[in-house]
Enquirer: 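Please see the structure below; I have some questions.
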Amino acid sequence: MEMSLNPVRVLKNEAQEEKAEMARLSSFIGAIAIGDLVKSTLGPKGMDKILVAHGRQAGKVEVTNDGATILRSVGVDNPAAKILVDMSRVQDEEVGDGTTSVTVLAAELLREAEKLVDQKLHPQIIIAGWRMATNIAREALTQASQDNSANDAKFKEDLMNIARTTLSSKILHQHKDFFAKLAVDAVLRLKGSGELHAIQIIKKTGGTLDDSFLDEGFLLDKKPGVHQPQRIEKAKILIANTPMDTDKIKVFGSTIKVDSLAKIADLEMAEKEKMKDKVQKILNHNCNVFINRQLIYNYPEQLFADAGVMAIEHADFDGIERLALVTGGEIVSTFDNPSMVKLGECDLIEQVMIGEDTLLRFSGVKLGEACTIIIRGATQQILDEADRSLHDALCVLAATVKESRVIYGGGSSEALMANAVFKKAAETAGKEAIAMEAFARALLALPTAIADNAGYDSAQLISELRAAHAQGKTTMGLDMDKGKVGDMKELGITESFAVKRQVLMSASEAAEMILRVDDIIKCAPRRRVPDRGYC
């Protein structure tokens, strides 16, 4: 009996497999590369990236230092890198800020893990040590946090400090006091609801960033129809998503053959009557403002003008969703039962000029906390980056209003957690202690990157910071304006506890998931075969 000693191939020809050390090395390299990509954007002196689009939006340029935006725009093939990209996106959705920190921390954990695997430590032992370190770091973070929500004045000052700290690493750094006040005022209007949809951000080119302002009310970037009222008091608003363009010959896409022009005129008349009936049904709701997501053609627009109703067309879906929220109305598509439809209400609708554009302002809306932030700036790129920066600040403030504990920033909390983990590692017997020390070193990589990006001597600053924390000075952190260790409490550098906790937990979970991998299988691509179907 003959036996073949050739290797048996189980996978399809085009499928690829990487095993054991090769798979782990591939994961480490991909994740570390992603961490290094965004590391230079970290901290108040971090640098920006220019993203140039390809494909449909070829030539579009974005200038940003927002980790989530950079990673979302970069196409990655490496599976581990994709995990970090997804993690930063979740961080952005959950708390709004810390997207760069969470990516850098996960990458640094894997950089440390690579050294430990080279020392023949089993990945499961490393993970066990990391889990112990994560719990210790979280406990240290929780104990160092403060809650001033009982004192309104102190809590507002905390919110201002958090907004300033969040904006200090963005394009709005030079105007952080101005925009921090805008963001805090907008979030405090929500009265703790956290309903960020009620805050609208409108970007208008022209002027400078200092010309931005907060408008109490709702602004819609649209104009009323021709010969319609331009100002309405005690408005009753019907918000709809319905076609208002059937004043053309359009009978369900059918082809109609006629033998005379008179019959075309009859068809047009029938269509007009149909539209007139629809407009009458809308007017039966006793509304004096009609806002539609879709187009309103000339004939229905004329009918609304004759009835003295302000009709606004093509209000984008995001616009009417927010409008329905703030005015207390419902979005409707059929108009047969007026009694069942809830109309939106507001005290006054009027036109206002912002720059060279005319917008509609809805004042005295039912949801009193609704407001609009208008951002002015020289170029579209500046406006887009200012919008992203302000959105991050609003998200962090909304998260802080819900979870009111705060923690000191500037590398202070990372040094605090690293110090607690180093102490526990010294008391822990077994190989897990080596993994715990590696976890603490990864935590200290964040303040190291902040110092490096500012051009300071990170080795000197981090050693001074560790010494200060070892002496019990837990509020000490990096003062990047002076390039030395300073008291974060005096400097007012405060961050949200919810953001720091999310960074710690997300980074450790993602790094743990990547470290567990010992095999990467790339599926065989589906073959393209000639289409034999008949048309």
Side-chain angles (χ1 to χ4, degrees), residues 35-36 38-47 97-98 100-109 111-112 133-134 136-146 161-162 164-166 168-169 173 405-427 433 436-497 499-501 503-504 507-508:
D36 289 343
V38 294
K39 190 192 278 187
S40 64
T41 68
L42 202 63
K45 302 287 176 81
M47 305 301 281
D97 198 24
T100 308
S101 303
V102 75
T103 310
V104 171
L105 179 55
E108 290 300 328
L109 282 169
R111 200 190 299 271
E112 293 293 333
T134 305
I136 293 156
R138 187 172 56 183
E139 281 170 25
L141 195 67
T142 308
Q143 285 169 12
S145 64
Q146 297 175 344
N161 286 337
I162 287 170
R164 285 191 201 103
T165 306
T166 303
S168 65
S169 61
H173 173 66
R405 284 179 286 180
V406 297
I407 196 92
Y408 292 114
S412 167
S413 51
E414 286 84 359
L416 176 89
M417 291 188 282
N419 194 37
V421 173
F422 273 127
K423 272 187 182 173
K424 190 67 179 174
E427 300 166 7
M436 290 167 76
E437 287 174 357
F439 192 96
R441 285 195 297 274
L443 282 168
L444 286 172
L446 287 171
T448 304
I450 291 171
D452 283 339
N453 290 342
Y456 297 126
D457 183 354
S458 59
Q460 176 70 26
L461 285 173
I462 300 307
S463 61
E464 287 176 17
L465 183 61
R466 283 187 64 186
H469 277 262
Q471 292 162 17
K473 299 174 184 173
T474 55
T475 60
M476 301 303 276
L478 300 178
D479 179 357
M480 286 294 94
D481 287 336
K482 294 178 181 172
K484 62 179 187 180
V485 173
D487 191 338
M488 299 294 104
K489 191 173 182 180
E490 288 176 12
L491 294 169
I493 298 175
T494 313
E495 292 190 54
S496 170
F497 171 77
V499 172
K500 281 290 174 201
R501 183 182 57 195
V503 165
L504 175 70
S508 60

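All heavy atoms count here, side chains included; hydrogens, waters and symmetry mates do not.
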Enquirer: With a 4.5 Å limit on heavy-atom distance, are the side chains of Leu444 and Glu414 in contact?
Expert: no
Enquirer: Does Lys423 reach the side chain of Met436, with side-chain heavy atoms less than 4.5 Å apart?
Expert: no
Enquirer: Say you draw a straight line from CG of Asp479 to CD of Glu490; how long is it, rounded to the nearest 0.5 Å?
Expert: 10.5 Å
Enquirer: Could you report the tightest heavy-atom contact between Val503 and Val102, atom names first, then the distance?
Expert: O-CG2, 3.6 Å
Enquirer: Check Thr103, Leu446, Val104, Ile450 against Lys39 for a side chain to side chain contact (heavy atoms under 4.5 Å, CB included) and give me the one that passes.
Expert: Val104
Enquirer: Nearest 0.5 Å, please: how far is CG in Asn419 from CG in Leu443?
Expert: 11.0 Å
Enquirer: Run Asp36 and Arg111 through salt bridge (charged side-chain N to carboxylate O under 4.0 Å, His left out) and show every step you take.
Expert: CA-CA 11 Å; Asp36 289 343; Arg111 200 190 299 271; 2.7 Å; yes
Enquirer: Could you tell me which non-hydrogen atom of Thr41 sits nearest to which non-hydrogen atom of Val38, and how far apart they are?
Expert: OG1-O, 2.7 Å
Enquirer: When you check the gap from the basic side-chain N to the acidic O, do Asp457 and Lys484 get nearer than 4.0 Å?
Expert: no
Enquirer: For the NE2 atom of His469 and the CG atom of Leu416, what is their distance to the nearest 0.5 Å?
Expert: 6.0 Å
Enquirer: Any donor-acceptor pair under 3.5 Å linking the side chain of His173 with the backbone of Pro44?
Expert: no
Enquirer: Side chain to side chain donor-acceptor pair (under 3.5 Å) between Asn453 and Ser40: does it pass, once the steps are laid out?
Expert: CA-CA 6 Å; Asn453 290 342; Ser40 64; 5.6 Å; no
Enquirer: Atom CD in Glu139, atom CD in Gln143: separation rounded to 0.5 Å?
Expert: 6.5 Å
Enquirer: Of the non-hydrogen atoms in Leu461 and Gly483, which two are nearest, and what is the gap between them?
Expert: CD2-O, 3.6 Å
Enquirer: Under 6.0 Å from the NZ atom of Lys489, do we count more than 12 heavy atoms belonging to anything else shown?
Expert: no
Enquirer: What pair of heavy atoms forms the shortest contact from Pro447 to Leu478, and how long is it?
Expert: O-CD1, 3.4 Å
Enquirer: Among Met488, Arg164, Met480, which one satisfies side chain to side chain contact (heavy atoms under 4.5 Å, CB included) with Ile493?
Expert: Met488
Enquirer: Roughly how far, to the nearest 0.5 Å, is OG1 of Thr448 from CD1 of Ile462?
Expert: 4.0 Å
Enquirer: Would you check if there is a donor-acceptor pair between the side chains of Gln460 and Glu464 at a distance under 3.5 Å?
Expert: yes
Enquirer: If the threshold is 4.0 Å, N to carboxylate O, is there a salt bridge linking Arg441 and Glu108?
Expert: no
Enquirer: Any side-chain heavy atom of Ile407 sitting closer than 4.5 Å to one from Ser496?
Expert: no
Enquirer: Does the side-chain contact (heavy atoms from CB on, under 4.5 Å) test come out yes or no for Glu495 and Asp97, once each step is laid out?
Expert: CA-CA 10 Å; Glu495 292 190 54; Asp97 198 24; 5.5 Å; no
Enquirer: Taking all non-hydrogen atoms of both residues into account, name the closest pair between Asp487 and Thr475 and its distance.
Expert: OD1-OG1, 2.9 Å
Enquirer: Do Met417 and Arg138 have side chains that get closer than 4.5 Å, going by heavy atoms?
Expert: no
Enquirer: Hey, are the side chains of Glu112 and Phe439 touching, using non-hydrogen atoms and a 4.5 Å cut-off?
Expert: no
Enquirer: Answer yes or no: is there a donor N or O on one side and an acceptor on the other, between the side chain of Ser413 and the main chain of Gly409, under 3.5 Å?
Expert: no
Enquirer: Please examine the side chains of Phe422 and Arg466, heavy atoms only from C-beta on, and report whether any two atoms are closer than 4.5 Å.
Expert: yes
Enquirer: Within this structure, what is the CG-CG distance for the pair Leu504 and Leu105, rounded to the nearest 0.5 Å?
Expert: 7.0 Å
Enquirer: Could you tell me which non-hydrogen atom of Tyr408 sits nearest to which non-hydrogen atom of Gln146, and how far apart they are?
Expert: OH-OE1, 3.4 Å
Enquirer: Backbone N or O of Thr474 within a donor-acceptor pair of the Ser412 side chain at under 3.5 Å?
Expert: yes
